[in-house]
Number of protein chains: 2
Amino acid sequence: MNDAAFTHGSCKKCDTCAIHQRSFCRAASDEVLNELSRISHLREYEKGQVIVAQGDDAEIVGNVVSGIVKLTNMSMSGQQNIVGLLFPSDFFGRAFSDESRFSYEAATDVTLCCMSRHAFETFVVRHPEVEHELLLTILDELDATREWTAMTSCHTTMQRVATFLFILSRRSDGVFCDPSSRTRLPRPIIALPIGRRDIAAYLGTTPETLSRNIQTLVRQNIIRSLDTNHFEVVDMPGLIDRTGETREDLESMSGAEPLR
Amino acid sequence: MNDAAFTHGSCKKCDTCAIHQRSFCRAASDEVLNELSRISHLREYEKGQVIVAQGDDAEIVGNVVSGIVKLTNMSMSGQQNIVGLLFPSDFFGRAFSDESRFSYEAATDVTLCCMSRHAFETFVVRHPEVEHELLLTILDELDATREWTAMTSCHTTMQRVATFLFILSRRSDGVFCDPSSRTRLPRPIIALPIGRRDIAAYLGTTPETLSRNIQTLVRQNIIRSLDTNHFEVVDMPGLIDRTGETREDLESMSGAEPLR
DNA sequence: TATCGGCATTGATGCCGGTCAATCAGCGCC
DNA sequence: GGCGCTGATTGACCGGCATCAATGCCGATA
């Protein structure tokens with residue numbers, strides 16, 4: 001590799017990294033970043049591959065560069081519960097613990113910036129400014145996880161589905177838009193990043209019920225189907241209303257437009 | 001205050017603090033602890049009082065010393081969801097953020113070790129060893145939150161109720177036992193720390209359904225009612241069966257920082 | 001003690017949503 | 001094109017749970 005083009009010790013890999021400015025790495029100076037890049041390497045995983053298994057030593061940690069990683073908790077009854085989804089720039093793996101309490105699995109094809117957990121831990125302790133940024137990242141993840149918790153404790157499935165779609169419509173701006181589309185559509189696009197089965201598991205329901213709720217929103221002109229995995233938000237206030245259904249909403253739904 | 005009795009710079013307040021060894025403060029040396037104690041103070045809140053409101057500046061952070069604090073999320077439609085419960089030695093408040101995404105409210109009468117968020121932030125950045133311990137605490141909270149998400153996502157109400165009771169039976173040992181009771185009963189005691197309404201909201205159900213499930217367990221001789229808020233576990237294996245989880249899962253869950 | 005208000009329990013009823021099953025749509029492959 | 005496979009949708013059924021309502025229980029207050 002020709003590092004001559006990068007002066008001041010700036011890191012070649014990280015300079016072109018799409019998520020550098022959004023990950024904890026941004027706290028590292030050029031010199032420190034170079035050190036960090038020496039213990040990290042990009043790695044591809046195919047959809048379905050297990051990155052870290054539950055109960056493992058969790059020897060790998062790092063950043064999601066592209067794709068979606070799902071956190072799952074396998075219960076002994078064979079049921080796989082999805083605990084969270086990790087998007088690009090999210091930190092994955094369990095630092096400072098001998099064993100991961102969850103599995104990390106590629107929900108789509110993913111690219112990860114991987115580090116040995118041990119090397120990462122010693123590195124981070126020697127660079128408090130990076131550890132500080134990592135703390136900020138983890139605090140954000142904690143907030144996000146609690147927001148998902150709030151979502152899943154909603155009583156009706158429709159609330160959870162609407163909330164899920166709403167949040168995705170917010171995240172889709174930069175990350176999910178098809179790069180080949182040269183104009184940005186005026187209305188928010190919902191790009192479902194994973195299959196119905198995974199979404200349903202994440203929302204604590206079944207693919208059938210999920211499908212029914214989505215189709216209900218389509219019939220009510222809240223969203224419009226582009227293809228199987230893409231929807232356009234036609235009526236954002238309506239979608240927001242569905243995230244917290246009132247009694248009137250339920251009655252108008254079952255009354256005017258009974259489930260057929 | 002007479003600090004003469006405490007040599008080597010040891011901190012008067014913290015030496016007698018019931019949760020010192022379990023909180024992030026344990027990483028602080030005597031000298032640093034003294035500094036920390038200068039920016040912290042104990043404060044009492046009555047049941048129902050709001051400690052930090054959602055969207056607030058979140059000017060206060062600190063440790064729960066005694067009592068239960070509930071985290072609530074007001075949804076866009078105005079519905080209030082319980083996102084987590086904080087027990088003694090848990091960290092509360094949102095450090096390093098200008099605004100709290102959740103409300104912190106006293107679920108019982110509580111004692112908090114409060115610090116100005118700003119003072120805490122500058123203190124922690126100047127003491128990386130304390131910030132490191134804080135990071136470990138937050139990572140544990142993240143795990144616990146995700147485990148709770150797994151619990152609530154795809155279980156029947158009975159399983160959630162049984163899991164909740166089981167975890168409480170583990171925590172009741174030291175923290176919740178009435179200090180006036182002079183003998184420890186041989187069988188585990190479940191002390192419900194908060195009212196039925198809050199528990200039901202936390203479990204994603206209603207007080208009525210919660211009550212029915214508890215009474216079912218009583219009728220099946222799994223637990224025995226002592227008074228409204230105290231139960232005795234008669235048949236622990238039976239209770240574990242109702243959770244639908246394996247014993248190992250539950251053991252790991254009721255470990256260091258369970259149940260949020 | 002009598003009254004009141006908050007909370008827990010119990011009962012009756014309707015409906016949401018899980019389950020099982022069939023159908024449909026998309027895709028790769030020969 | 002025919003075929004099989006996977007995943008999404010739609011339908012029928014019914015059990016579990018939310019809802020509404022009534023009752024019981026306890027503590028507070030005068």
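We use all heavy atoms of the structure for the numbers below, so side chains are in, but hydrogens, waters and symmetry mates are not. If you're wondering where the values come from, they're calculated on a predicted model, not measured in any experiment.
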Does A:D235 have any side chain to side chain donor-acceptor pair (under 3.5 Å) partners at least two apart in sequence or in another chain, and if so, which?
none
Length of the line joining B:L210:CG and D:dC17:P, which is rounded to integer Å:
12 Å
Under 4.0 Å between a side-chain nitrogen and a carboxylate oxygen: does that hold for A:R94 and A:E59?
no
For A:Y202, what residues pass the ring-ring contact (aromatic ring centres under 6.0 Å, His included) criterion, not counting sequence neighbours?
A:W148
How many whole angstroms separate atom CD1 of A:I214 from atom P of D:dT10?
11 Å
For B:N229, the side-chain contact (heavy atoms from CB on, under 4.5 Å) test, sequence neighbours excluded, returns B:L192, B:R196, B:D227
Considering just the side-chain nitrogens and oxygens of A:T157, establish if one lies under 4.0 Å of OP1 or OP2 belonging to C:dG17.
yes
Distance-only criterion, 3.5 Å: show the donor-acceptor pairs between side-chain atoms of residues 208-223 of chain B and protein atoms not counting sequence neighbours.
unit_1: B:T209; atom_1: OG1; unit_2: B:T206; atom_2: OG1; d: 3.1
unit_1: B:N213; atom_1: ND2; unit_2: B:T209; atom_2: O; d: 2.8
unit_1: B:T216; atom_1: OG1; unit_2: B:R212; atom_2: O; d: 2.8

Can you pull every protein N or O that's under 3.5 Å from an N or O on nucleotides 19-21 of chain C?
unit_1: C:dT19; atom_1: O4; unit_2: A:R212; atom_2: NH2; d: 3.1
unit_1: C:dC20; atom_1: N4; unit_2: A:E208; atom_2: OE2; d: 3.2

A:R197 meets the side chain to side chain donor-acceptor pair (under 3.5 Å) criterion, sequence neighbours left out, with none
Would one find a side-chain N or O of A:T205 under 4.0 angstrom from OP1 or OP2 of C:dG18?
yes
Tell me: CG of A:N213 to C1' of C:dC15, nearest whole Å?
14 Å
Bend angle of the helix from C:dT1-D:dA30 to C:dC30-D:dG1 from five-pair axes at both ends, rounded to 10°?
30°
What residues form a side chain to side chain donor-acceptor pair (under 3.5 Å) with A:D109, not counting sequence neighbours?
none
Nearest whole angstrom, please: distance from the C1' of D:dG16 to the CD of B:Q159.
13 Å
Could you state the atom-to-atom distance from CZ of B:R196 to P of D:dG24 in whole Å?
19 Å
B:L217 atom CG is separated from C:dT9 atom P, nearest whole Å, by 12 Å
Nucleotide C:dT9, atom C1' - distance to CZ of B:R197 in whole Å:
15 Å
Write down the distance between CD1 (B:I194) and C1' (C:dG6), rounded to a whole number of angstrom.
17 Å
Results of ring-ring contact (aromatic ring centres under 6.0 Å, His included) for A:F91 - residues two or more places apart only
A:F24, A:F120
Looking at residues at least two apart in the chain, or sitting in another chain, which of them share a side-chain contact (heavy atoms from CB on, under 4.5 Å) with B:A18?
none
Set of side-chain contact (heavy atoms from CB on, under 4.5 Å) partners for A:R43, sequence neighbours left out:
A:H41, A:Y45, A:I60, A:C114
Sugar-phosphate or base contact per nucleotide [nucleotides 22-28 of chain C; S, B, -; heavy atom under 4.0 Å]
-------
Distance-only polar pair, side chains of B:T243 and B:T163, donor-acceptor under 3.5 Å
no
